[in-house]
Amino acid sequence: MLLEIKNLTVRYGGAECLKDISLTVEEGEIATIIGSNGAGKTTTLRTISGLKRPAAGQIRFQGKRIDETPPQDIVKMGIGHVPQGRNLFTYMTVMQNINMGAYLHKDKNRIKKDLERIFQTFPVLKSRKKQQAGTLSGGEQQMLAIARALMGNPTLLLLDEPSIGLAPIVVREIGRIAVEINQRGTGILIVEQNARLALRLAHRGYVLETGDMVLQGLCQDMLHDHRVKKAYLGK
């Protein structure tokens, strides 16, 4: 098991924003959490990556508990996080942003190989190495945020709303890249309001509603579930 969450509760102030939720991500799998805005999707990812401490429950990564582990150590363990809104260093160049993703690694040969792989996956970034990150298009910025996370060589990649604000053709490209990354052996947990995209990309799906896990299953089944269709997929 790559990631296992058991009975996770998270509070902001006195309010519970995640209520006793459980989920798993298997080795080599894409899993997705779908739900409306405010359902708790981003909070789930922030808690996995150590940016928010749970009030109760456990998070295990490759069998080891990490729910009290500092964020920098979680990155070292092999979890990369692409946050909602990308959070790039906008006044730094594309290359400087990419290099920040390798900050914790000292092996220059490994960094060089990782960089070659990044530019194979994102050739547009190679052509914009010296360009300020803030001047890239929305799709290019999303690619850069993913590239930065991949430079940490993660075993598990957390993607928070990667399609938000992007044109449909760019959304399809981001989806293709996610599948390519997964096929190279990286597990992915993706949270999305674009339920149709997420369920088509992923193997396993979870539905969050105001902090409660209300539905889970194989994505190919969830695409035909009348409850999912009615609430998230439309006609």
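Since the structure is predicted, the reported quantities are computational estimates derived from the model, not experimental observations.
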**Evaluation steps, side chain to side chain contact (heavy atoms under 4.5 Å, CB included), between Ile146 and Thr121** = CA-CA 10 Å; Ile146 296 172; Thr121 306; over 6 Å; no

**Request:** May I have the step-by-step check of side chain to side chain contact (heavy atoms under 4.5 Å, CB included) for Gln96 and Asn99, ending in yes or no?
**Result:** CA-CA 5 Å; Gln96 288 169 331; Asn99 284 335; 5.6 Å; no

- Can Ile59 and Ile66 be said to form a side chain to side chain contact (heavy atoms under 4.5 Å, CB included), step by step? CA-CA 6 Å; Ile59 303 173; Ile66 62 169; 3.7 Å; yes

### Task
Evaluate the criterion side chain to side chain contact (heavy atoms under 4.5 Å, CB included) for residue pair Arg204 and Gln216; output intermediate values, then yes/no.
CA-CA 8 Å; Arg204 187 192 311 269; Gln216 58 183 282; 5.9 Å; no

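For the pair Glu27/Gln62, a side-chain contact is recorded, criterion being any heavy-atom separation below 4.5 Å from C-beta on. Looking at Asn153 and Asp114, their side chains come closer than 4.5 Å, going by heavy atoms from C-beta outward. At a threshold of 4.5 Å between non-hydrogen side-chain atoms, the residues Met92 and Gln132 do not count as touching. A heavy-atom distance below 4.5 Å is found between the side chains of Arg184 and Arg117. You'll find the side chain of His203 reaches within 4.5 Å of the side chain of Asn182, heavy atoms only. Using a 4.5 Å heavy-atom cutoff, the side chains of Arg172 and Leu197 are not in contact. Using a 4.5 Å heavy-atom cutoff, the side chains of Leu199 and Val228 are in contact. Within the 4.5 Å cutoff, the side chain of Ile190 has heavy atoms near those of the Pro162 side chain.
Transitive grouping of hydrophobic side chains (ILVMFWY, heavy atoms separated by less than 4.5 Å) keeps Val25 and Leu218 in distinct clusters. Hydrophobic clustering of Ile, Leu, Val, Met, Phe, Trp and Tyr side chains at less than 4.5 Å, counting indirect connections, keeps Leu157 apart from Leu3. Taken together through direct or relayed side-chain contacts under 4.5 Å among Ile, Leu, Val, Met, Phe, Trp and Tyr, Val207 and Ile5 form parts of separate hydrophobic clusters. Leu115 and Leu136 fall within the same hydrophobic cluster, defined by Ile, Leu, Val, Met, Phe, Trp and Tyr side-chain heavy atoms under 4.5 Å apart, directly or through other members. Criterion: ILVMFWY side-chain heavy atoms under 4.5 Å apart, direct or through other members. Under it, Leu158 and Ile164 are not part of a common hydrophobic cluster.
Between the Thr186 side chain and the Thr155 main chain, no donor and acceptor come within less than 3.5 Å of each other. Remark: the backbone N or O of Gln58 is not paired with any side-chain donor or acceptor of Asp67 at under 3.5 angstrom. For Asn97 (side chain) and Phe89 (main-chain N/O), a donor-acceptor pair under 3.5 Å exists by modelled atom type. Put simply, the side chain of Asp225 gets close to the backbone of Arg227: a donor and an acceptor are under 3.5 Å apart. For Tyr206 (side chain) and Thr24 (main-chain N/O), a donor-acceptor pair under 3.5 Å exists by modelled atom type. Judged purely by atom type and a 3.5 angstrom limit, Glu180 has no side-chain atom pairing as donor or acceptor with the backbone of Ile177. Of the possible donor and acceptor atoms, one in the side chain of Lys41 sits under 3.5 Å from a partner among the backbone N and O of Ser36. In this structure, the side chain of Thr93 does not engage the main chain of Gln131 through any donor-acceptor pair within 3.5 Å.
Distance check, rounded to the nearest 0.5 Å: CD1 of Ile169 to CD1 of Ile174 gives 12.0 Å. Considering CG of Asp221 and CG of Leu215, their distance stands at 10.0 Å, rounded to 0.5 Å. Residue Lys52 holds its NZ atom at 8.5 Å from CZ of Arg46, rounded to the nearest 0.5 Å. Rounding to the nearest 0.5 Å gives a distance of 6.0 Å between CD1 of Ile74 and CD1 of Ile79. Here the straight-line distance linking atom CE of Met1 with atom CD of Glu29 works out to 8.5 Å at 0.5 Å rounding. Taking NZ of Lys6 as the reference point, atom CD of Glu4 lies at 4.5 Å (rounded to 0.5 Å).
Surrounding OH of Tyr12 are more than 12 heavy atoms belonging to other residues, nucleotides or ligands, all under 6.0 Å away. Annotation: Lys126, atom NZ; neighbour count of heavy atoms from other residues, nucleotides and ligands within 6.0 Å does not exceed 12.
The two atoms that bring Cys17 and Thr43 nearest to each other are SG-CG2, 3.7 Å, heavy atoms only. Nearest heavy-atom pair, Ala147 versus Leu125, reported as atom, atom and distance to 0.1 Å: CB-CD1, 3.8 Å. Nearest heavy atoms, Leu150 versus Ile118: CB-CD1, 3.6 Å. The two residues Ala133 and Leu144 make their nearest non-hydrogen contact at CB-CD2, 3.7 Å. Of all the heavy atoms in Cys219 and Gly205, the pair that sits closest is SG-N, 3.5 Å. Here the closest non-hydrogen pair linking Ala149 and Pro154 is O-CD, 3.5 Å.
Using a 4.0 Å cut-off between charged side-chain N and carboxylate O, Glu140 and Arg128 make a salt bridge. Using a 4.0 Å cut-off between a side-chain N of Lys or Arg and a carboxylate O of Asp or Glu, Arg176 and Glu173 qualify as a salt bridge.
Applying the side chain to side chain contact (heavy atoms under 4.5 Å, CB included) test between Leu159 and each of Ile30, Leu201, Val82, Val191 identifies Val82 as the sole match. Under the side chain to side chain donor-acceptor pair (under 3.5 Å) rule, Thr42 has a single partner from Thr47, Asn37, Asp160, which is Asp160.
Residues Arg86 and Gln142 bring a donor and an acceptor atom of their side chains to less than 3.5 Å of each other. Between the side chains of Ser163 and Glu192, at least one donor N or O sits under 3.5 Å from an acceptor N or O. With 3.5 Å as the limit, one finds no donor-acceptor pair spanning the side chains of Thr32 and Arg200.
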